[in-house]
There are 2 protein chains.
Amino acid sequence: MAEIKEKEPVLEQKSQFAVPYYAISYDKFFQFGLSVDCVVFGYHEKRLKVLLIKRGAEPYLGSWALPGDLVYPNENIEVAAKRILKDLTGISELFMEQTKVYGKVDRHPAGRVITTAYYSLIDIAKHDPHASAWAEGVYWVDLEEVPGLAFDHDEILEDALQTLRQRVRHQPVGFELLPQKFALADLQALYEALLNEVYDKANFRKRILAMNLLINLKESQKDVPHRPARLYSFDKKRYDELIAKGFSFEL
Amino acid sequence: MAEIKEKEPVLEQKSQFAVPYYAISYDKFFQFGLSVDCVVFGYHEKRLKVLLIKRGAEPYLGSWALPGDLVYPNENIEVAAKRILKDLTGISELFMEQTKVYGKVDRHPAGRVITTAYYSLIDIAKHDPHASAWAEGVYWVDLEEVPGLAFDHDEILEDALQTLRQRVRHQPVGFELLPQKFALADLQALYEALLNEVYDKANFRKRILAMNLLINLKESQKDVPHRPARLYSFDKKRYDELIAKGFSFEL
DNA sequence: ATGACTTTTGGTCAAAAAAACAATAAGTAA
DNA sequence: TTACTTATTGTTTTTTTGACCAAAAGTCAT
């Protein structure tokens, strides 16, 4: 390794970490609040939605906002994120991923609160959110119809959406979002909703099948007013493989 | 927008945000410390390095670590990040991007300190880091030779590297990292170092030139013991365009 | 000055992937 | 039986990629 500078004596203007840590001035530096805000995306009937609350308390009483809460001083952040999501949707087993931290000095009227954003993606039909501690009501709002949000939540949502799309392009998604048996058109509708694009049906089919990810169930749709589509299910093994290795989906 | 549940009365177990904010118990929740850790990548002579310090104070005295510092309660996080970087390298005008937050309860012996990681990328030749407040010494360490680091800095570095590579694949990089005039081979060496891959020379050339990003300077290298290469410079206008729109670089 | 050597540069070519689109199949509904 | 709708398969064309060749333009040693 190349040393660029000779070692120099430590300068007089020390940081708080340059003094013995037991001497740190707690009052001065340890006065941040930490919160988590959850961006829960939900998929339902070919549409992408996001879970919002109507705030039942100050500040921003009555405003729309992302569900969030303060983290306890002895609680890990991911734990807090899962706690909040669970309180809200009753479920815990699903992926939650951090996007960014938001820490503007004046972002919260109650003091210096920095917040960590997490996002996840669930099948709306399978979960039943309920108003709780935080909110008067919890609502699934179509992405196209999101109103202005409290705090800096507009920005948080925007960033989370971008991260979600980024992720969806490189990791398969679906197990939790589609029924056990589904048609290729369902999968296509899912991707079209997530990425907000439109694909050619025939080519989409070829691409997906080439991934070797689906099991042909030799079974067809019922009760559709047209030619019924063949049903498929995910090949769990191959699916996990792709999640680990990643893939590219730039149709 | 679809309402999933009727509004319910707010439950008895309220979160701290569900009460008037002036009633928040400050002692209980507002006791986090916030720090920033900087992952400064540097490019020099076809190698990618990272700026590390040798800690001059407890905890982890004598260990290698990423440069970082506490954020002031009235200071924005990005401002803190730039302050730290500036103290360390003397420069301020360059991109710094957040990667993640790290907030494990026990990650810091001095208390509950959560840290935000930022990364950036500079030309080593153009900057001269110096030991300062935080450290006995500051060193450029080749990525292949990074020792074990203090705190959770190994993880932070790993994540930052991944994010850097992700970004480099989708946004052009170069202005700050190459001299005004450079040969295509220089640009190729840069990408090979950043992404740790090897490309075919002829095809690399075609790809890059097709982007319409370079200006042919009608001027050649001097003093090389072989056929001198044509020199190019970036087309500033086109460069900014690509930074805004993004591009794909999956050679 | 000549040939050896090195890297640049321009080009070809085949293989692979993507995109566009045409034709047929399998149902329902009237 | 025909009209209608979506599914499915297949073909064709175009674009992109990857591998590789050979000439070009210098330096260097002899």
Side-chain angles (χ1 to χ4, degrees), chain A residues 45-46 168-170 172 174 178-179 181-193 195-234 242 245-251, chain B residues 45-46 169-170 172 174 178-179 181-193 195-235 242 245-251:
Chain A
E45 286 178 354
K46 307 192 193 310
V168 156
R169 281 198 162 88
H170 297 280
L178 290 178
K181 304 169 178 188
F182 55 89
L184 277 166
D186 297 331
L187 188 59
Q188 180 171 351
L190 170 61
Y191 272 98
E192 290 185 338
L195 297 176
N196 200 30
E197 306 206 355
V198 176
Y199 304 116
D200 176 274
K201 205 185 304 192
N203 294 333
F204 180 91
R205 153 187 309 272
K206 273 180 280 186
R207 265 266 217 163
I208 295 290
L209 289 178
M211 287 179 195
N212 215 19
L213 174 65
L214 301 184
I215 297 173
N216 187 326
L217 292 179
K218 320 276 187 199
E219 193 181 338
S220 295
Q221 289 177 319
K222 302 272 182 213
D223 305 317
V224 286
H226 56 262
R227 171 172 178 179
R230 179 52 57 93
L231 296 178
Y232 293 84
S233 68
F234 285 105
L242 283 184
K245 291 199 313 190
F247 75 137
S248 183
F249 194 88
E250 315 264 359
L251 216 42
Chain B
E45 287 179 353
K46 309 189 193 309
R169 281 199 163 86
H170 297 279
L178 290 178
K181 304 170 177 185
F182 55 88
L184 278 168
D186 298 331
L187 188 59
Q188 180 170 353
L190 170 61
Y191 272 97
E192 291 185 337
L195 297 176
N196 199 31
E197 307 205 357
V198 176
Y199 304 118
D200 176 274
K201 204 184 304 191
N203 294 333
F204 181 91
R205 153 187 310 272
K206 269 183 284 185
R207 267 265 216 166
I208 295 290
L209 289 178
M211 287 178 194
N212 216 16
L213 173 65
L214 301 184
I215 297 172
N216 186 327
L217 291 180
K218 320 274 186 201
E219 192 180 338
S220 296
Q221 289 178 318
K222 302 274 183 211
D223 304 318
V224 285
H226 56 261
R227 174 172 178 177
R230 180 51 58 92
L231 296 178
Y232 293 84
S233 67
F234 285 105
D235 179 339
L242 282 183
K245 291 200 312 191
F247 75 137
S248 182
F249 192 89
E250 315 263 359
L251 215 43

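Values reported hereafter were calculated over all heavy atoms of this structure, with side chains retained and with hydrogens, waters and symmetry mates removed. Each chain gets a letter, A, B and so on, in the order its sequence line appears, and its residues count up from 1.
Residues B:Arg205 and B:Leu184 come closest through the heavy atom pair NH1-CD1, 3.5 Å. Across all non-hydrogen atoms, the minimal contact from A:Arg207 to A:Glu250 is NH2-O, 3.4 Å. A:Gly174 and A:Leu190 make their closest contact through CA-CD2, 4.3 Å (heavy atoms, listed as atom of the first residue, atom of the second, distance). The two residues B:Pro172 and B:Leu242 come nearest to each other via the heavy atoms CG-CB, 3.6 Å.
Residues A:Val168 and A:Leu195 meet the side-chain proximity criterion, which asks for heavy atoms closer than 4.5 Å.
A 4.0 Å heavy-atom criterion places the boundary nucleotides of DNA chain C facing chain A at C:dA18 to C:dT28, written 5' to 3'. Scanning DNA chain D 5' to 3' for nucleotides with an atom closer than 4.0 angstrom to a non-hydrogen atom of chain A gives a first and last hit of D:dT5 to D:dT11.
Note on the helix from C:dA1-D:dT30 to C:dA30-D:dT1: terminal axis deviation equals 0°, with five pairs used at each end and the result rounded to 10°.
Map A:Asp200 and B:His226 each onto its nearest nucleotide of DNA chain C; the residue landing nearer the 5' end is B:His226. Residue A:Pro225 is the one, among B:Glu250 and A:Pro225, whose nearest nucleotide of DNA chain D lies closer to the 5' end (criterion: closest heavy atom).
Taking CZ from B:Arg169 and OG from B:Ser248, the interatomic distance works out to 9.0 Å, rounded to the nearest 0.5 Å. In this structure, NZ in A:Lys46 is found 9.5 Å from CD in A:Gln188, a value given to the nearest 0.5 Å. The distance from the CG atom of A:Leu187 to the CD1 atom of A:Ile208 is 5.0 Å, given to the nearest 0.5 Å. Distance check, rounded to the nearest 0.5 Å: CG of B:Leu231 to NZ of B:Lys222 gives 9.0 Å. Note that the CD atom of A:Gln221 and the CZ atom of A:Arg230 stand 11.0 Å from one another [nearest 0.5 Å]. To the nearest 0.5 Å, atoms CG (A:Asp200) and NZ (A:Lys206) are separated by 7.5 Å.
Residues forming a salt bridge (charged side-chain N to carboxylate O under 4.0 Å, His left out) with A:Glu45 (at least two apart in sequence, or on another chain): none.
Residue pairs satisfying the ring-ring contact (aromatic ring centres under 6.0 Å, His included) criterion with at least one member in residues 198-234 of chain B, sequence neighbours excluded, are listed as follows: B:Phe175-B:Phe234, B:Phe182-B:Phe234, B:Phe234-B:Tyr239.
Within the 4.0 angstrom heavy-atom criterion, no nucleotide atom of any strand lies near B:Ala183.
Near DNA chain C, meaning a heavy atom under 4.0 Å away, the residues from residues 204-219 of chain A are A:Lys206, A:Arg207.
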